[in-house]
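Take a look at the structure below.
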Amino acid sequence: MQTLTQRLANPTRFMAFSRAILPWLAAASVLLIAYAMYLVFFVAPPDYQQGETVKIMYIHVPSAWLALGGYAIIAMSSFGLLVFRHPLADVSAKAAAPIGAAFTLAALITGSLWGKPMWGTYWVWDARLTSVLMLFFLYLGLIALRSSLEDEALASKLTAVLALVGVSVLPIIKFSVDWWNTLHQPSTGFTSTVDASMRTPLLISAAGFLLLFIALHLKAMQNEIMRRRVKAMRVAEVERGDRLMSAGAE
Amino acid sequence: MSGFLALLRRDLMLAVREGAALGTALGFYLVVVAMLPLGLGPDLKLLSRIAPGVLWIALLLAALLSLPRMFEADHEDGSLEVMATAPLPLELAVAAKALAHWISTGIPLALMAPVLGLMLNLELSLTPVLVATMLAGTPAVSFLGSIGAALTLKARRGGLLLALLVLPLYVPTLIFGISTIGFASVGQDGFSASLLVLMAVSVASIALAPVAAAAALRLQVS
């Protein structure tokens, strides 16, 4: 009995599987996000304190979740690459990095747009903001390290090592900034429980963004597999050309 | 253990005889700190308030400057491959090199800080605390830095990349270094607790960083 990850280890089977489910995922994600936006703009009440600006939350919170989720995918893929040598693990890690970075940036930007009317400033050196910024730097580090190495196999393994180092450091960054800031200012987080009229749209929106993330990730993985195939074919072609040349010379 | 000590001695001797690397780091430290009053204006009150942060950040940058050399020379002349195949585990070899980096760069930078503190009008009573935090925190700088140095060994533009990879790892060290001084400056309790956390960060880096750095090196020399 094989698990799903084992069966999908074959890139050809993965391509067939992902091709089959990708349209459904994409359609479901569009529908969910559209429905969530309808709820957000026409049904959900404005917050009694924050007014209409609270609606940024419906994009901001899912983005922040997926920023962390993207890193979790990279970390698990890196583990899968280094420990189990799963053939698709590196494809997954490489594909997830820019998407996770994009969601992290989205969380930072929407957060700062939300911060301006709420806190009167675009940026506060608050624990949560700072740790998300560090997460963004980690993503950039992963992308930069990979792109700075010629040897792709080496690049993928070194990036995986860095991703796993980041896992141990992220919680430290998060908590150290917490402890650091309790010295200077009280936490700015909002702790009130969220009413169902706002929670439901938020959950639907989060589900839509989650599907969007998965769809983008699968598509990026497909592209990466195709790119590797093209590269392998080019190499094979050059080698064949060399053989023909040497055969002609004889 | 003898292999560990031999490697440590060798790296320290290299650092002393080359000399230039340490001189560059100390010079860089001096120049960055000297540029700051030029950029911010010579207001002594302001300078004394920001002195701990400035001294810490400049120290991190100066230490960063010397990190790429940690494995580079050994990689170029092939001794890194010998270390990878030697009976001494590569993790311990990395630890010896990082320890040598701390002794030859971290400690001198920390000991230079009081002089620069004078230039920035740092309160004299805070100087011992500043040096204590730096001595407690710089092991983490060297050991976490060894991960970055190992990862970027074969990378293009390795030095720039190293900064991007390693600075996020330095965040806890910086934060606890500064907060310890902050506690001490207002005479609050929590000073020793904060210093202990800073040491804990260093101890954890000493224990874990060589594993990651050695893994990265093995991938590149085999």
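Chain B is approached within less than 4.5 Å, heavy atom to heavy atom, by Met134(A), Phe137(A), Leu140(A), Gly141(A), Ala144(A), Leu145(A), Ser147(A), Ser148(A), Leu149(A), Glu150(A), Leu154(A), Lys157(A), Leu158(A), Val161(A), Leu162(A) from residues 132-162 of chain A, ordered by number.
For the residue pair Thr180(B)/Thr133(B), the side-chain donor-acceptor check at 3.5 Å is not satisfied. Under 3.5 Å, the side chains of His101(B) and Ser66(B) contain a donor-acceptor pair of N or O atoms. A donor-acceptor contact closer than 3.5 angstrom links the side chains of Trp102(B) and Thr138(B).
Taking all atoms of both residues into account, the shortest heavy-atom contact from Val221(B) to Ala84(B) is CG2-CB, 3.7 Å.
For a residue to count as touching a neighbouring chain, one of its non-hydrogen atoms must lie under 4.5 Å from one of that chain's; by this rule Leu151(B) touches chain A with backbone and side chain alike.
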Carefully, step by step, assess Leu210(A) and Trp65(A) under the rule side-chain contact (heavy atoms from CB on, under 4.5 Å).
CA-CA 9 Å; Leu210(A) 176 64; Trp65(A) 285 342; over 6 Å; no
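With sequence neighbours left out, Glu91(B) forms a salt bridge (Lys or Arg N to Asp or Glu O under 4.0 Å) with Arg218(B).
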